[in-house]
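Please read these numbers as outputs of a predicted model, since none were measured by experiment.
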Amino acid sequence: QVQPVESGGGLVQAGGSLRLSCTASGRTFSNYHMAWFRQAPGKEREFVAAISSGGGRTYYADSVKGRVTISRDNAQNTVYLQMNSLKPEDTAVYYCAAKTGGWNPSPDKNYAYWGQGTQVTVSS
């Protein structure tokens, strides 16, 4: 079992960058596929990016592809989300999530463990 905790959110101008971090407690972090989701006010939660347990596979939503990079450091029990060229429509609460089992990275129902979220606000 892991408990993700996000950090790194904040206020940034359009075109700027942020790096989110998610540190997960537990000794078996390397067994978990990790992902980032986001939820904007009045909208459903949506998938952003995912990385496999060993880091060898990644998957991105079309809306962020080319602007966002997900990575992980299993020795530090941490997954990162580097976001560049941010747009006002990226404003949302960003959640880190963990799952075991098969890859199938995008459906949020596949993830058993969730963090509390970190707010990202992009001003125009």
Side-chain angles (χ1 to χ4, degrees):
Q1 185 171 352
V2 292
Q3 179 55 58
V5 178
E6 305 93 339
S7 62
L11 174 64
V12 63
Q13 289 188 334
S17 298
L18 275 178
R19 189 176 81 156
L20 306 183
S21 299
C22 171
T23 300
S25 62
R27 293 179 292 178
T28 59
F29 177 77
S30 60
N31 291 345
Y32 290 81
H33 305 310
M34 301 296 295
W36 290 93
F37 290 79
R38 67 186 181 186
Q39 188 167 22
K43 295 187 177 181
E44 293 188 352
R45 185 166 56 192
E46 67 173 354
F47 170 79
V48 177
I51 188 165
S52 60
S53 57
R57 285 181 291 184
T58 57
Y59 182 67
Y60 297 94
D62 288 343
S63 59
V64 302
K65 200 173 294 183
R67 300 189 296 118
V68 164
T69 303
I70 189 170
S71 61
R72 67 189 295 161
D73 182 343
N74 284 346
Q76 299 294 324
N77 281 19
T78 301
V79 61
Y80 303 98
L81 189 71
Q82 177 67 46
M83 303 188 293
N84 301 321
S85 301
L86 284 162
K87 306 175 181 180
E89 51 263 43
D90 294 317
T91 295
V93 177
Y94 283 71
Y95 297 92
C96 178
K99 69 181 294 291
T100 55
W103 177 224
N104 195 18
S106 61
D108 59 359
K109 64 179 182 175
N110 291 346
Y111 291 82
Y113 305 101
W114 292 83
Q116 293 299 307
T118 186
Q119 176 71 47
V120 171
T121 303
V122 184
S123 63
S124 58

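V120 and I70 end up in the same hydrophobic cluster when Ile, Leu, Val, Met, Phe, Trp and Tyr side chains are linked at under 4.5 Å. When the side chains of ILVMFWY residues are joined at heavy-atom separations under 4.5 Å, either directly or via intervening members, Y113 and F29 end up in a single hydrophobic cluster. Grouping the Ile, Leu, Val, Met, Phe, Trp and Tyr side chains by contacts below 4.5 angstrom, directly or via other members, places Y111 apart from V2. Cluster annotation: V68 and F47 are assigned to distinct hydrophobic clusters (Ile/Leu/Val/Met/Phe/Trp/Tyr, side-chain heavy-atom contacts under 4.5 Å, transitive). Hydrophobic cluster membership differs between Y80 and M83, with clusters built from Ile, Leu, Val, Met, Phe, Trp and Tyr side chains linked at under 4.5 angstrom.
Classification of K87 and D90 as a salt-bridged pair fails, no side-chain N sitting under 4.0 Å from a carboxylate O.
Judged by distance alone, with hydrogens and angles left aside, the side-chain atoms of R57 form no donor-acceptor pair with the main-chain N or O of S52 at under 3.5 Å. Without hydrogens or angle criteria, N110 side chain to P105 main chain gives no donor-acceptor distance under 3.5 Å. In this structure a side-chain-to-backbone donor-acceptor pair under 3.5 Å is missing from T121 to T91.
Of all non-hydrogen atoms in L20 and W36, the two that sit nearest each other are CB-CH2, 3.6 Å. Of all heavy-atom pairs spanning V48 and V64, the tightest one is O-CG2, 3.5 Å. Closest non-hydrogen pair, Q116 versus E6, comes out as N-OE1, 3.1 Å. When all heavy atoms of N74 and G54 are compared, the closest pair comes out as ND2-CA, 4.4 Å. A pairwise comparison of heavy atoms in G8 and L18 identifies O-CD2, 3.8 Å as the closest pair. Closest approach of Q1 and Y32 over heavy atoms only: N-OH, 3.1 Å.
Atom OH of Y59 has 12 or fewer heavy atoms from other residues, nucleotides or ligands within 6.0 Å.
Ring pair F37/W114 is tilted by interplanar angle, where 30° to 60° counts as tilted.
Taking 4.5 Å as the limit, some side-chain heavy atom of R38 sits within range of a side-chain heavy atom of S63. Side-chain contact check for S17 versus N84: some heavy-atom pair is nearer than 4.5 Å.
A side-chain donor-acceptor contact under 3.5 Å links T78 and T23.
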Report task. Give the C-alpha distance, both sets of side-chain angles, the deciding distance and a yes or no for side-chain contact (heavy atoms from CB on, under 4.5 Å) between Q119 and L11. Result -> CA-CA 8 Å; Q119 176 71 47; L11 174 64; over 6 Å; no
